[in-house]
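This report refers to the structure that appears directly beneath it.
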Amino acid sequence: MKRLILFLYIVTMCMLLSAQLLDDLDFSWYSQGDPRWKYDNLGYSRWNTIGKSGCVLTCLSMLFNSEASNQQVTPEQLNNWLIENKGYSYSDMRWEIVAKYDGDGKGIEFVARTDRRNDWKFLSNQLELGRKVLVKVRGRQHWVVITKRNGPYNSANSYEVYDPGTPIFQKKTLAKWGGFRAARSFSGNWVNRDQIKMNDDVALLATDSLDTFLYNHFEVENPAELYVNIENGLNVALAGYFSLGLYTSENKFIDIIGFPMYLTINPKNNKEVLFGIEGVDDMLKTNYQIKLLYAKSLDDKGKPQNALVLNPSGLETFSFKMEEMEKSSGN
């Protein structure tokens, strides 16, 4: 009975987590308490685990998974690589080793550090240079990722935090801890909303009039193709699964529409894509919108894992014109 309850709890949490992340994420996030790696030994320790002390490892996995040059990277994968490559001193991270995961001189690089408490100038300058920063926030016990600054450079409330220490993603700032004690800065080609965009020239290509009549007659949802143009502003190629999410006007995730497509988009280039959609009836509701999602992997049901929402404002679905369907309905 306990196993069944635990199984149902994990499944429920995964479902809630998937929906929530598709509402909120613009940078990769992992929990060190994820059941997939929570009980794995951390580094060379026989007693320490990722769930107990793997905050640094999990933060670094977020960075690698949000960097365009890498395939999917999980805390489990990174931990195994570090063990094989002398990346730990017992269970403490060797910062000079971890950046070699994706090769010297490419991908993520460890570029700067400070051990001064609340070194706001350092933190602000590193973020302005386009870097991501890991900061120690609670003695020797906890590290989090700083992804951006919104506000005065010397205010803890200005810094957005991705915390690996919670079971579900929570929006936080450094104000939760009142500041930081040390910081490590990393450069990389980050996949984010500023660099990867879905342009506004979207077209919904409907079936012709005869097909539409038959679909309506047999009460089958009308299929269609959604034409989009995806722009890669990075200096490196971007590969992964792109999909479209259907959202309410309040930005709440409803479902994936169509099928995720694995694409490679060249640096500073764009790609025209046709997403096949099984049914468009829901899409035509005026209070719905569409957003572009990106992920490096799919789960066993074909849904994007750890997906980033690349155009948060969405595209209003009432702007789509389906001429064939309109003609059919007028006959």
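For reference, positions follow the sequence shown, starting with 1.
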For this session: Go through Asp119 and Arg181 one step at a time and tell me if the salt bridge (charged side-chain N to carboxylate O under 4.0 Å, His left out) criterion holds.
Result: CA-CA 8 Å; Asp119 191 346; Arg181 298 172 180 267; over 6 Å; no
For this session: Begin from the C-alpha positions of Arg184 and Asp115 and carry the test salt bridge (charged side-chain N to carboxylate O under 4.0 Å, His left out) through to its verdict.
Result: CA-CA 9 Å; Arg184 307 289 184 265; Asp115 292 307; 3.1 Å; yes
For this session: I would like to know whether Glu76 and Thr74 meet side chain to side chain donor-acceptor pair (under 3.5 Å); could you show each step before the answer?
Result: CA-CA 5 Å; Glu76 177 186 28; Thr74 67; 4.5 Å; no
Exercise. Would Ser297 and Gln305 satisfy side chain to side chain donor-acceptor pair (under 3.5 Å), going step by step from the backbone distance to the final call?
Worked result: CA-CA 6 Å; Ser297 64; Gln305 289 186 314; 2.8 Å; yes
Problem set entry | Full working for side chain to side chain contact (heavy atoms under 4.5 Å, CB included) between Asn251 and Gln289 | CA-CA 8 Å; Asn251 292 321; Gln289 57 183 325; 2.7 Å; yes
For this session: Could you please spell out the steps behind the side chain to side chain contact (heavy atoms under 4.5 Å, CB included) verdict for Trp37 and Leu57?
Result: CA-CA 11 Å; Trp37 47 73; Leu57 171 73; over 6 Å; no
Exercise. Side chain to side chain contact (heavy atoms under 4.5 Å, CB included) between Leu174 and Val135: does it pass, once the steps are laid out?
Worked result: CA-CA 9 Å; Leu174 267 179; Val135 297; 4.1 Å; yes
For this session: Take Asp34 and Arg36 through the salt bridge (charged side-chain N to carboxylate O under 4.0 Å, His left out) test and state the conclusion after the steps.
Result: CA-CA 5 Å; Asp34 191 304; Arg36 290 175 291 177; 3.0 Å; yes
For this session: Could you please spell out the steps behind the side chain to side chain donor-acceptor pair (under 3.5 Å) verdict for Gln195 and Asn189?
Result: CA-CA 9 Å; Gln195 299 288 358; Asn189 297 293; over 6 Å; no
For this session: I would like to know whether Trp120 and Tyr153 meet ring pair (Phe, Tyr, Trp, His ring centres under 6.0 Å); could you show each step before the answer?
Result: CA-CA 6 Å; Trp120 300 116; Tyr153 85 97; 8.0 Å; no
For this session: Could you walk me through whether Tyr101 and Leu78 pass the side chain to side chain contact (heavy atoms under 4.5 Å, CB included) test, one step at a time?
Result: CA-CA 8 Å; Tyr101 177 82; Leu78 185 57; 3.6 Å; yes
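Side-chain atoms of Asn79 never come within 3.5 Å of backbone atoms of Pro75 as a donor-acceptor pair (strictly under, hydrogens ignored). Put simply, the side chain of Lys271 gets close to the backbone of Thr264: a donor and an acceptor are under 3.5 Å apart. Remark: side-chain polar atoms of Tyr159 are not paired, donor with acceptor, to backbone N or O of Ala175 under 3.5 angstrom. In this structure, Lys268 contributes its side chain and Gly233 its backbone to a donor-acceptor pair below 3.5 Å. A donor-acceptor pair under 3.5 Å is formed between the side chain of Glu67 and the backbone N or O of Ser69. No donor-acceptor pair under 3.5 Å is formed between the side chain of Asn306 and the backbone N or O of Lys296. Although no hydrogens or angles enter the test, the distance criterion places a donor-acceptor pair under 3.5 Å between the side chain of Ser66 and the main chain of Ser28. Judged by distance alone, the side chain of Lys132 and the main-chain N or O of Thr147 form a donor-acceptor pair under 3.5 Å. The main-chain N or O of Ile265 is never found under 3.5 Å from a side-chain atom of Asn269 such that the two would form a donor-acceptor pair.
Side-chain contact between Ser158 and Asn150: absent, with no pair of heavy atoms (C-beta onward) separated by less than 4.5 Å. Side-chain contact between Asn65 and Tyr30: present, with at least one pair of heavy atoms (C-beta onward) separated by less than 4.5 Å. The shortest side-chain heavy-atom distance between Lys86 and Tyr44 falls under the 4.5 Å cut-off. When side chains are defined from C-beta on, Ile146 counts as touching Leu123, because their heavy atoms get closer than 4.5 Å. The shortest distance between side-chain heavy atoms of Phe122 and Ser185 falls below 4.5 Å. Looking at Leu134 and Val144, their side chains never come closer than 4.5 Å, going by heavy atoms from C-beta outward. At a threshold of 4.5 Å between non-hydrogen side-chain atoms, the residues Tyr241 and Leu263 do not count as touching. Between Asp40 and Thr49, every side-chain heavy-atom pair lies at or beyond the 4.5 Å cut-off.
The line from CG of Leu82 to OH of Tyr88 is 4.5 Å long, rounded to the nearest 0.5 Å. Atom CG in Leu42 sits 8.5 Å away from atom CG in Asp92 (nearest 0.5 Å). Taking CG of Asn229 as the start and CG of Asn270 as the end, the distance is 4.5 Å to the nearest 0.5 Å.
Tyr247 carries Lys291 over the face of its six-membered ring, with the cationic atom under 6.0 Å from the centre and within 45° of the normal.
We find that Arg94 and Glu96 are joined by a salt bridge, their nearest charged nitrogen and carboxylate oxygen being less than 4.0 Å apart.
By the 6.0 Å contact criterion, CD on Gln71 is open, its count of non-hydrogen atoms from other residues, nucleotides or ligands being 12 or less.
Using a 30° and 60° split on the angle between ring planes, Tyr162 and Phe27 fall in the perpendicular class, above 60°. Ring geometry, Phe169 versus Trp29: the interplanar angle exceeds 60°, so the pair is classed perpendicular (tilted spans 30 to 60°).
If you look at Phe180 and Trp143, their ring centroids are not closer than 6.0 Å. Annotation: Tyr262 is not in aromatic contact with Phe242 [ring centroid separation under 6.0 Å not met].
In the hydrophobic clustering of ILVMFWY residues, with side-chain heavy atoms under 4.5 Å counting as a link, Val236 and Val111 come out apart. No chain of hydrophobic side-chain contacts below 4.5 Å, direct or via other Ile, Leu, Val, Met, Phe, Trp or Tyr residues, connects Phe259 to Ile230. Phe64 and Trp190 fall within the same hydrophobic cluster, where Ile, Leu, Val, Met, Phe, Trp and Tyr residues are linked whenever their side-chain heavy atoms come under 4.5 Å apart, directly or through other members. Under the 4.5 Å side-chain heavy-atom criterion for grouping Ile, Leu, Val, Met, Phe, Trp and Tyr, Met261 is connected to Ile290 within one hydrophobic cluster. In this structure, Phe253 is not a member of the same hydrophobic cluster as Leu298, with clusters built from ILVMFWY side-chain heavy atoms closer than 4.5 Å.
Nearest heavy atom pair, residue Ile97 against residue Gly87, reads CG2-CA, 3.7 Å. Of all heavy-atom pairs between Gly51 and Gln32, the closest is O-NE2, 3.1 Å. Residues Cys59 and Val145 approach most closely at CB-CG2, 3.5 Å, considering heavy atoms. Nearest heavy-atom pair, Gly302 versus Pro260, reported as atom, atom and distance to 0.1 Å: O-CG, 3.5 Å. The shortest heavy-atom contact between Ser53 and Asn48 is OG-OD1, 2.8 Å. Minimum heavy-atom separation, Ala295 to Pro304: CB-CB, 3.6 Å.
A salt bridge (charged side-chain N to carboxylate O under 4.0 Å, His left out) check over residues 148-160, counting only residues at least two apart or in different chains, returns the pairs Asp26-Lys148, Glu128-Arg149.
Under the salt bridge (charged side-chain N to carboxylate O under 4.0 Å, His left out) rule, Asp163 has a single partner from Arg138, Lys172, Lys171, which is Lys172.
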